[in-house]
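Inspection log for the structure reproduced underneath, given as structure tokens.
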Number of protein chains: 2
Amino acid sequence: MNDLTTRQSEIFEFIKKEIEFNGYPPTRSEIAKVFGFKSPNAAEDHLKALKKKGVLNIVSGASRGISIVKEDLGIPVIGLVSAGGPILAQENIEKRIPSTQNILSHGVDFYLRVKGDSMIEAGILENDLIAVNKKAQIKKGSIVIARINDEVTVKTLKSISSDLVVLQPENSNYSNIEVNPKKENLSFEGTCVGLLRDFC
Amino acid sequence: MNDLTTRQSEIFEFIKKEIEFNGYPPTRSEIAKVFGFKSPNAAEDHLKALKKKGVLNIVSGASRGISIVKEDLGIPVIGLVSAGGPILAQENIEKRIPSTQNILSHGVDFYLRVKGDSMIEAGILENDLIAVNKKAQIKKGSIVIARINDEVTVKTLKSISSDLVVLQPENSNYSNIEVNPKKENLSFEGTCVGLLRDFC
DNA sequence: TTAAATACTGTATATAATTACAGTTATGAA
DNA sequence: TTCATAACTGTAATTATATACAGTATTTAA
């Protein structure tokens, strides 16, 4: 229900930019003028389409009564991960942090609250929030969020091959975790791309 | 030039809330209705006053042509601190991070980029950004940003009295710093209230 | 004390803006 | 083929909106 046509995207982007730049939305005539429409009704038609597709709200009768539908709930913060189910399951979401501006440079899919002290030598302390990107390439040396037999853990990926994956805690009191992905259930939830610590 | 009267503040706050809530600014009539004015001209007068005081932009002729003047440049990120001068001097500002939403719970006056490894055992690594609050009470045990004879340093405040201040690095390779505030120039730039790390 | 600013009422009007209705043309799916 | 959707032109009417002008009363700064 949210695949806009090329033209609709152009109109939608223009409206967003206008709101950003002027502080208020454009009128039908203003849209028409910018796109070279000879009738404000062309803009009206586009607005109706964008409303129908759920990306705009239109308040009838109000001048400039256009607003952007924001489905952006914020970036979820994952506390304890319940066994089974996906990490992003509703019951795992502790709260959400507005994603209004990307303070961290990579895309952040979710924040994970750190349990335990296995990563303190990498400067990752208990209760820190690590910013996780789900799609960033999993590679040697990066800090990964791994799931081993339904247990979620944050470790440095030391080596990876088809029958041996070595996960290294950054705490000399702990030993490396060696997993054979053919025998055990191993998956990667993502890569650590940042960290937030909130002193309170 | 920016001291609004009580009434003007009410109007100004209302306009901000309307923009936040509806996505577009109110009309004169809408303002008048909410405040019980019997004439839209009362709203017009207020808008003119708010424009004159520099907190609003009004685009003449445009319906709802009201926008908030934003002086908010974002929270400064301080890189290297040049000797002398205040920490927030222009030349020290590396960039600014939009303060659209307070991710961290305390007020953040600026971010300071960490140099060196003196705090690694507190999970503060080189190049991390520590969030600094200038006004939070300086107390024993908190991580403070101190200035000793024009040198800025981040340490844990171990003890404080009129003739001895002990600053403790969180790295066993370093020794405590002892300062006599009567003999040396010591000031506190603020308290660490958070941390941002951006893996890149 | 005197002018300027604040905070309104009341009226009126030009124009800004929404939006319906009637069409045209092109494209892709049933 | 035929119908729905997309992307417009063109016209026009209702209503939404900005905003000027003329007042009044109160408060505040010079």
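In this text the structure is predicted, and so the values were computed from the model without any measurement. Order of the sequence lines sets the chain letters (A, B, ...), proteins ahead of strands, with each chain counted from 1.
Under 4.0 angstrom from either OP1 or OP2 of dA5(C) there lies no side-chain N or O belonging to Lys53(B). Listed pair Thr5(A) / dA7(D) meets the phosphate criterion, a side-chain N or O lying under 4.0 Å from OP1 or OP2. Between dT19(D) and Lys51(B), no contact under 4.0 Å exists linking OP1 or OP2 to a side-chain N or O. Under 4.0 angstrom from either OP1 or OP2 of dA16(D) there lies no side-chain N or O belonging to Arg64(B). Of the side-chain N and O atoms in His46(B), none sit less than 4.0 angstrom from OP1 or OP2 of dT6(C). Ser63(A) has no side-chain polar atom (N or O) that falls below the 4.0 Å cut-off from OP1 or OP2 of dA16(D).
The stretch residues 21-39 of chain B touches DNA chain D through Thr27(B), Arg28(B), each having a heavy atom under 4.0 angstrom from the strand.
As judged by a 4.0 angstrom heavy-atom cut-off over every strand, Ala62(B) is placed among residues touching the sugar-phosphate backbone only.
Here the C1' atom of nucleotide dA7(D) and the CD atom of Glu10(A) are 12 Å apart, to the nearest Å. Distance CG (Asp45(B)) to C1' (dA18(D)): 13 Å, rounded to an integer number of Å. In this entry the distance linking CD of Glu44(A) with C1' of dT9(D) reads 15 Å, nearest Å. Whole-Å rounding puts the Arg7(B) CZ to dT27(D) P distance at 15 Å. Between the CD1 atom of Ile11(A) and the P atom of dC8(D) there is a distance of 7 Å, given to the nearest Å. Between Lys48(B) atom NZ and dA7(C) atom C1' there is a gap of 14 Å when expressed in whole angstrom units. Rounded to whole Å, the distance from CG on Leu47(B) to P on dA18(D) is 8 Å.
Side chain of Arg197(B) to main chain of Gly123(A): a donor-acceptor pair is present (N/O by atom type, distance under 3.5 Å, no hydrogens or angles). Between the side chain of Asp109(B) and the backbone N or O of Lys134(B), at least one donor-acceptor pair lies under 3.5 Å. Of the possible polar contacts, none joining the Arg147(B) side chain to the Glu189(B) backbone as a donor-acceptor pair under 3.5 Å is found.
Scanning for side-chain contact (heavy atoms from CB on, under 4.5 Å) contacts around Pro40(B) gives Arg28(B), Ser29(B), with sequence neighbours left out.
Considering only heavy atoms from C-beta on, Asn127(A) comes within 4.5 Å of Lys115(A) through its side chain. Between Leu50(A) and Ile66(A) the shortest side-chain heavy-atom distance does not fall below 4.5 Å.
Axis angle across the helix from dT1(C)-dA30(D) to dA30(C)-dT1(D), with five pairs used at each end and values rounded to 10°: 40°.
Closest to the side chain of Asn41(A), out of dA17(C), dT19(C), dG10(D), is dG10(D).
The pair Lys33(B)-Glu30(B) fails the salt-bridge criterion, with no side-chain N (NZ, NE, NH1 or NH2) lying under 4.0 Å from an Asp/Glu carboxylate O.
Checked against the 6.0 Å centroid threshold, His46(B) and Phe37(B) count as a close aromatic pair.
Map Ala42(B) and Gly61(B) each onto its nearest nucleotide of DNA chain C; the residue landing nearer the 5' end is Ala42(B). Of the two residues near DNA chain D, Ile58(B) and Gln8(A), the one whose nearest nucleotide lies more 5' is Gln8(A).
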* For Phe12(B) and Ile68(B), run side-chain contact (heavy atoms from CB on, under 4.5 Å): C-alpha distance rounded to whole Å, both residues' side-chain angles, the deciding distance at 0.1 Å, then the answer. => CA-CA 9 Å; Phe12(B) 185 55; Ile68(B) 308 294; 3.8 Å; yes

* To do: Dump the intermediate steps for side-chain contact (heavy atoms from CB on, under 4.5 Å) on Lys53(A) and Thr5(A), then the final yes or no.
  => CA-CA 11 Å; Lys53(A) 291 191 175 175; Thr5(A) 66; 4.1 Å; yes

